[in-house]
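Since the structure is predicted, the reported quantities are computational estimates derived from the model, not experimental observations. Hydrogens, waters and symmetry mates play no part in the numbers below; they use all other heavy atoms, side chains included.
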Amino acid sequence: MTINNQFQKVVVIGHQNPDTDSVCAAIAYADLKNRTDGPAYEARRAGNLNRETAFVLERFGFKPPRLCTDVYPKVRNVDYRHIAGISPSTSIHEAWEIMKEASIDTLAITDEEQSLLGIITMQDIAVSNMDVFDDTILSKTCTSIKNLLTTLSGTLVVGSSEGSVDPRGRVLIGTSSPDVLENTLQPGDIVILSNRYESQLCAIEMGVSMLIVCRDAPVTRSIQHVAAEHNVTIISVPYDTYAACKLISQCPPVSSCMQTEEIIKFSLLTTVENAVSVMAKVRHRYFPILDEDGKYCGMLSRRNVMRMEKRKVILVDHNEETQAVEGFDQANILEIVDHHRIGSLQTTGPVFFRNQPLGSTCSIITQMYEEQDLTLEPAMAGLLLSAILSDTLALTSPTTTPLDRVLARKLADIAQVDMDSYADEMFAAAENLEGRSGMDIVTQDFKMFTCGEIRFGVSQAYFLTDNNMETARALAAESMRQLRLEQNLEDIFVLLTDIRRSSSFVLCDGNRASSVLADAFPSGTISAGVIPTGENIDEDSPLPVDVAPLPPQLLEGVVSRKKQFLPRIMETYQLL
């Protein structure tokens, strides 16, 4: 029996609906932490990769981080007990001994492939031992000869250890005279007796199936010879008659008293919260655990859960609770590295929080590599460069700082890439619309925000060509309302950014979206009419399929959601 002290790595993860900066920041920061603190960190992603990010990872030879949809503590994160399952043929006595040695009151019963067949508890054993008047217990349960030998510490004198007791057999004490035995014994019986020659011979001649001779009394050669001729098994045991009788009831297999119906069990992926809720409704203390393949792998107790250590998490490229992976509030957040505004996320204790007004989280992480005097390999430099170019629109976004430009040039030199041509390749991969739906576009880089009691979402996609821009506008108009309703948002805005013209088309849907957009970007900034796609429409009815969407609003010079679009929208909501 061992305790599950599996080493749990610290999860380094970005926001939901991850973009290139989010994923690359997680990979790079996990690498930095592993090189400075030891191999305890693992990059993860909170959603599917978009095409740009997939291109970047393949270009520089990185495998996508494993998907992590939540950081709720799960059973696999608990120090549960790796106690082996027992065979259904195991004797009740042996099960009891295992329980005592392991200080556990429940055992799992499994087959050879570790499939769970049932459980047995101390209460089950106690109940089975109370049925003291059933003298056919061994035959009813098909008790094996091996169980008798093991439980009674017996020595086989005559016969074979293979097989089971005679199905006709009753358990009797043969201390009476031969005259009495002749009127008592029946063929197939199992007789517990002493070293009295006459009683042993009488029992054999009456056709019993087994003699259990107590106190290791010697069995004469003549008795052994007669027993062999009559196919009678003889076992010599060190106990007296009383002890042998007590132990005989512990020889049946655990299959005779195990629980097989409505067994409460958990999987490694069961959340601790759900497990605790179930545990509170029953009296026993240990519960079997099944792995991802449905095989038994250990036992979970309330005490294990109480000693559970929360999952350790580092958040990169976000600090809004609406953008964080599910279960963050039940995790131990160690650090936050971000370049966005200070959001609504709260922690239970002080954390390392690095927030700088740079164009990319990877710009911050590049600084940290330099501060730690760590050498960057070309592939990692390419990864960091990609994130900076992505978040700053190839250094043209107003969020771009002089430091972003300096760091990007350094990284391009290390990665040995031409920055301008590589940026074109990366954005071209991102805007490829082949096989994509409107929902793919509006969720590609989608973030939710709160302003007071108002929850709204802002999605952004980037394009280099007019054809792709027009196609994306049509597809996004069909899907943004569906996304708003699915996420229970008051309003939604979709920015389709033209990289070459440094402008964005804005589509919106919601109860206040069009008026908020008009107030946030007054006349002179907007070159087209407002799209009231969500106003005066019954939310329970679909949009008319035969009505073409109105032209979207064009915001000249607006390319940054973080610096140009979101601040004005937030200020407008605050004035409502």
Side-chain angles (χ1 to χ4, degrees), residues 87-97 128-129 131-257:
S87 166
S89 63
T90 303
S91 71
I92 293 173
H93 177 79
E94 185 177 354
W96 168 256
E97 292 295 330
S128 70
N129 279 331
D131 196 5
V132 296
F133 299 109
D134 188 356
D135 59 7
T136 61
I137 184 64
L138 298 186
S139 58
K140 282 182 178 179
T141 58
C142 299
T143 301
S144 67
I145 305 298
K146 288 181 179 178
N147 277 8
L148 288 170
L149 291 168
T150 302
T151 304
L152 297 171
S153 303
T155 301
L156 187 66
V157 178
V158 177
S160 171
S161 62
E162 300 301 320
S164 304
V165 300
D166 193 298
R168 304 168 295 171
R170 302 173 300 163
V171 178
L172 299 173
I173 299 175
T175 56
S176 304
S177 66
D179 294 339
V180 176
L181 291 178
E182 287 179 356
N183 296 319
T184 305
L185 298 179
Q186 298 176 2
D189 283 346
I190 300 165
V191 185
I192 302 173
L193 39 62
S194 62
N195 61 346
R196 292 180 61 183
Y197 180 90
E198 297 84 357
S199 298
Q200 295 173 0
L201 183 59
C202 177
I204 294 172
E205 290 177 344
M206 293 300 298
V208 301
S209 63
M210 180 183 296
L211 299 182
I212 298 177
V213 182
C214 297
R215 292 190 177 277
D216 285 332
V219 180
T220 65
R221 288 184 179 274
S222 60
I223 289 293
Q224 293 182 39
H225 180 72
V226 174
E229 286 183 343
H230 287 75
N231 199 28
V232 176
T233 300
I234 299 179
I235 296 176
S236 175
V237 302
Y239 303 107
D240 59 25
T241 305
Y242 173 79
C245 290
K246 292 281 288 184
L247 287 171
I248 204 79
S249 63
Q250 300 176 27
C251 293
V254 291
S255 58
S256 64
C257 58

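In this structure, Glu182 and Cys202 approach most closely via the heavy-atom pair CG-SG, 3.6 Å. Heavy atoms only, all atoms of each residue included: Leu138 and Val165 are closest at O-CG2, 3.4 Å. Taking each heavy atom of Cys251 and Ser91 in turn, the nearest pair found is O-CB, 3.6 Å. For the pair Leu185 and Val208, the tightest heavy-atom approach, listed with the atom from each and the gap, is CD1-CG1, 4.0 Å. Taking each heavy atom of Gly174 and Leu181 in turn, the nearest pair found is CA-CD2, 3.8 Å. Annotation for Asn195 and Ala217: closest pair CB-CB, 3.3 Å, computed over non-hydrogen atoms.
Rounded to the nearest 0.5 Å, atoms OG (Ser161) and CG (Asn147) are 11.5 Å apart. To the nearest 0.5 Å, the span separating CG on Asp179 from OG1 on Thr184 amounts to 10.5 Å. Between atom NE2 of residue His230 and atom NE2 of residue His225 there is a gap of 10.0 Å, rounded to the nearest 0.5 Å. Atom-to-atom distance recorded for Tyr239:OH and Ile212:CD1 is 12.5 Å, nearest 0.5 angstrom. With rounding to the nearest 0.5 angstrom, the CD1 atom of Ile248 is 11.5 Å from the OG1 atom of Thr241. The line from CG of Leu211 to CG of Leu193 is 5.5 Å long, rounded to the nearest 0.5 Å.
Side-chain contact between Ser236 and Asp216 is present, with heavy atoms from C-beta onward closer than 4.5 Å. Under the 4.5 Å side-chain criterion, counting only non-hydrogen atoms from C-beta, Ser256 is not in contact with Lys140. Between Ile235 and Leu156 the shortest side-chain heavy-atom distance falls below 4.5 Å.
Checking side-chain atoms of Gln250 against main-chain N and O of Leu152 turns up no donor-acceptor pair under 3.5 Å. Not one N or O on the side chain of Ser139 forms a donor-acceptor pair closer than 3.5 Å with the backbone of Arg168. A donor-acceptor pair under 3.5 Å is formed between the side chain of Ser249 and the backbone N or O of Lys246. With Asp189 contributing its side chain and Arg170 its backbone, the two residues share a donor-acceptor pair below 3.5 Å.
Each of Asp166, Val191, Ile223, Ile204 was checked for a side chain to side chain contact (heavy atoms under 4.5 Å, CB included) with Val232, and the lone residue meeting it is Ile204. Residue Pro253 is tested with Ile92, Thr143, Thr90 for a side chain to side chain contact (heavy atoms under 4.5 Å, CB included); the sole match is Thr143.
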Starting from the C-alpha separation in whole Å, work towards a yes-or-no answer on side-chain contact (heavy atoms from CB on, under 4.5 Å) for Ile190 and Leu172.
CA-CA 6 Å; Ile190 300 165; Leu172 299 173; over 6 Å; no

